Enquirer: 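One structure, as structure tokens, below. Some questions next.
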Amino acid sequence: MTALAPYACDPARSRGRRYPEPAAPTRSAFQRDRDRIVHSTAFRRLVYKTQVFLNHEGDLFRTRLTHSLEVAQLGRSIARTLQLNEDLVEAIALAHDLGHTPFGHVGQDALNSCLKSYNPDSAGFEHNLQSLRVVDTLEERYPDYDGLNLSFETREGILKHCSRRNARRMEGREPGGVAQRFLEPSGDGLHTQQPGLEAQLANLADEIAYNAHDIDDGVRSGLLSLEQLQEVELFEAYHRETLASHPGLQGRRLLFETIRRMLSAQVYDVMDATGAALRAAMPVDVQAVRQLPPLVCFSDEMAVKSATLKRFLLQNLYRHPQVVETTQTAQQVVRDLFAAYMADPAQMPQAHSDRFDQLDSRPAGSARHQARPERVVADYIAGMTDRFAAKEHERLNGRVVFPV
């Protein structure tokens, strides 16, 4: 590994794990985190969880698993040049979507609505919070604790968004923990405190990856055309450059080469812009990074181009009538599953229905009353793959909504 910069997260100076463990003899703390994530049940489920297109719509579309691998690859490449900790970036990237529901963001929206309707005081459902819940509580692999017992820095990177209300709740359960930064002002008083640079990088690598592969999947699906994409400055510049280098190139090779050049340009832009921001800010260590505005960034010009591409994809792909029709059905599946399990928790596997019954009978003032029965149902649904959710819906409702 490249020597770490002083402002990188050093595993030897990690803030540790919630349950202390001896150091591994051959792996750093962050390498160990990565390995635990890769071997987790939640990670394997990502192979059948939606990115944009549902599992049954084609074998070659991205899933949450392939997306996470692409984020990790981009993040490691940038981290190496910036002398950040590659292993930590990779661990965060591989874990950042573990809490996603089946059917992507629309599944999340439906489950959030279900929780809020059932209990207006609920924290609702948000996949970053759920990803942390997966690695902290829901994975059942070790005899001494729930979850994967990851290091503070990896957990902090997983929780990239959090409302102040939810942060206060989490801070009450874990004082000085991963939610504290959402409640504390930074040094300039204009922002809340930031996570380490590795977490910032994993977040931006996520954006770069999904913009690029959603173009690819959108064209593969027939919902986007090259002609439409040429209206987008970021794509058109590298489409034109590709044709200048390879006159007469057509089809998928033209698309792939355009996307490859576009990706490379964004990666090098992040390296240059972040390097300049670090030289200007001169943080001496990770704690100094936390007090500064975000430092991992695009240049101003690339930020505008990236935002334009995101708007294009929102209007022309994510809101395409064919996608909307499918996602409306997916939302109904999630709502029906939630209603069915709340009405008859015995329809869930016994381990889940037992949790439901135990929590439902717990007195309101008990120590763990915050883990309400509806959260047990949400945990079960959120852990489903697309095809398992469709099968369960068919079993409970007697009709096929998606082929499985």
Side-chain angles (χ1 to χ4, degrees), residues 1-16 28-31 33-34 71-93 96 150-162 164 167 176-209 263-307:
M1 179 186 289
T2 305
L4 294 178
Y7 41 71
C9 288
D10 183 347
R13 296 185 175 88
S14 169
R15 289 177 57 176
S28 75
F30 304 147
Q31 290 171 338
D33 286 353
R34 175 204 57 209
V71 175
Q73 182 272 315
L74 289 172
R76 287 197 74 129
S77 297
I78 298 170
R80 190 175 304 121
T81 297
L82 295 175
Q83 295 181 278
L84 302 180
N85 193 296
E86 296 178 47
D87 298 318
L88 177 55
V89 173
E90 183 177 33
I92 295 168
H96 82 283
L150 303 182
S151 65
F152 175 91
E153 292 78 8
T154 301
R155 296 174 60 236
E156 178 184 56
I158 291 170
L159 190 66
K160 65 181 182 180
H161 303 301
C162 188
R164 289 188 65 85
V178 293
Q180 185 182 35
R181 70 181 180 87
F182 297 99
L183 303 172
E184 298 290 335
S186 61
D188 62 8
L190 301 177
H191 308 81
T192 55
Q193 291 185 10
Q194 299 301 311
L197 293 170
E198 288 81 359
Q200 295 181 37
L201 174 53
N203 189 21
L204 191 53
D206 182 28
E207 178 181 327
I208 295 171
L263 269 174
S264 294
Q266 291 177 91
V267 165
Y268 292 132
D269 183 88
V270 171
M271 291 175 180
D272 291 342
T274 302
L278 287 167
R279 288 190 295 274
M282 293 191 299
V284 295
D285 56 21
V286 176
Q287 202 51 43
V289 168
R290 297 180 186 281
Q291 300 299 324
L292 293 165
L295 296 174
V296 178
C297 59
F298 285 128
S299 65
D300 290 345
E301 180 182 1
M302 185 61 78
V304 170
K305 291 178 179 179
S306 177

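Side-chain atoms are counted along with the backbone in the values below, which use heavy atoms only and exclude waters and symmetry mates. What you see is a predicted model, and the numbers here were worked out from it, not measured in a lab.
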Enquirer: Hey, what do you get for CG (D87) to CD (Q31), rounding to the nearest 0.5 Å?
Expert: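 Going from CG on D87 over to CD on Q31, the span is 4.0 Å.
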
Enquirer: Take R181 and T192, measure what side chain to side chain contact (heavy atoms under 4.5 Å, CB included) needs, and give me the verdict at the end.
Expert: CA-CA 6 Å; R181 70 181 180 87; T192 55; 5.5 Å; no

Enquirer: So, for Q83 and A8, which heavy atoms are closest and what is the spacing to 0.1 Å?
Expert: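 Looking at all heavy atoms of both residues, the shortest contact is O-CB, 3.5 Å.
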
Enquirer: Identify the two heavy atoms, one from G157 and one from A199, that lie closest to each other, and give their separation to 0.1 Å.
Expert: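 Closest approach of G157 to A199, heavy atoms only: CA-CB, 3.6 Å.
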
Enquirer: Tell me, do V178 and I158 make a side-chain contact under 4.5 Å, heavy atoms counted?
Expert: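 SC-SC contact between V178 and I158 ruled out.
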
Enquirer: A side-chain contact here means heavy atoms from C-beta on lying under 4.5 Å apart; do L159 and F182 qualify?
Expert: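 Touching, per the 4.5 Å side-chain cut-off.
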
Enquirer: For the residue pair E90 and A72, what are the closest heavy atoms and their distance?
Expert: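 E90 and A72 have their closest heavy atoms at CG-CB, 4.1 Å.
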
Enquirer: Please check: side-chain N/O of R290 versus main-chain N/O of S186, any donor-acceptor pairing under 3.5 Å?
Expert: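 Such a contact is absent between R290 side chain and S186 backbone.
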
Enquirer: Once side chain to side chain donor-acceptor pair (under 3.5 Å) is applied, do any residues pair with Q266, and if so which ones, sequence neighbours excluded?
Expert: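 With sequence neighbours excluded, Q266 shows a side chain to side chain donor-acceptor pair (under 3.5 Å) to no residue whatsoever.
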
Enquirer: Rounded to the nearest 0.5 Å, what separates atom CD in Q193 from atom CG in L292?
Expert: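 Output value for this atom pair is 10.5 Å.
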
Enquirer: L84 and side-chain contact (heavy atoms from CB on, under 4.5 Å): which partner among L197, I78, L4?
Expert: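 With L84 as partner, side-chain contact (heavy atoms from CB on, under 4.5 Å) holds for just one option, L197.
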
Enquirer: With distance as the sole test, does Q200 use its side chain to make a donor-acceptor pair with the main-chain N or O of P195 at under 3.5 Å?
Expert: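 Yes; judged by distance alone, with no hydrogens or angles, the pair exists.
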
Enquirer: As a test of understanding, state which of V89, L88, D10, L150 forms a side-chain contact (heavy atoms from CB on, under 4.5 Å) with F30.
Expert: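 Only match with F30 under side-chain contact (heavy atoms from CB on, under 4.5 Å): L88.
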
Enquirer: Hey, what do you get for CG (L201) to CD1 (I92), rounding to the nearest 0.5 Å?
Expert: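 Reported value, rounded in 0.5 Å steps: 8.5 Å.
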
Enquirer: Just verifying a value: how many Å separate T154 OG1 and E156 CD, rounded to the nearest 0.5 Å?
Expert: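 Taking OG1 in T154 and CD in E156, the distance rounds to 9.5 Å.
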
Enquirer: Test D269 against every option in S299, S306, S264 by the side chain to side chain donor-acceptor pair (under 3.5 Å) rule and name the one that passes.
Expert: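 Between D269 and the candidates, side chain to side chain donor-acceptor pair (under 3.5 Å) is satisfied uniquely by S299.
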
Enquirer: Which atoms form the tightest heavy-atom contact between C297 and A277, and what is the distance?
Expert: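 Heavy atoms of C297 and A277 come nearest at SG-CB, 4.5 Å.
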
Enquirer: Out of curiosity, D272 CG to L82 CG, how far, rounded to the nearest 0.5 Å?
Expert: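 If we round to the nearest 0.5 Å, D272:CG and L82:CG are 9.5 Å apart.
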
Enquirer: Of all heavy-atom pairs between P294 and Q194, which one has the smallest distance, and what is that distance?
Expert: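 Taking every non-hydrogen atom into account, CG-OE1, 3.5 Å.
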
Enquirer: Does the pair N85 and E198 meet the rule for a side-chain hydrogen bond (donor to acceptor under 3.5 Å, both in side chains), with working shown?
Expert: CA-CA 7 Å; N85 193 296; E198 288 81 359; 5.6 Å; no

Enquirer: Is D33 reaching over with its side chain to a backbone N or O of S151, donor-acceptor style, under 3.5 angstrom?
Expert: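 Checking the backbone N and O of S151 against the side chain of D33, a donor-acceptor pair under 3.5 Å is found.
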
Enquirer: Before accepting this row, confirm whether a basic side-chain N of the pair K160/D206 lies closer than 4.0 Å to the acidic partner's carboxylate O.
Expert: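 Salt bridge between K160 and D206, a charged N being under 4.0 Å from a carboxylate O: yes.
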
Enquirer: Closest approach of C9 and E153, non-hydrogen atoms and distance?
Expert: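 For C9 and E153, the tightest heavy-atom pair comes out as SG-CG, 4.3 Å.
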
Enquirer: Using a 4.5 Å cut-off on heavy atoms from C-beta on, say whether the side chain of L204 contacts that of F298.
Expert: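 In contact.
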
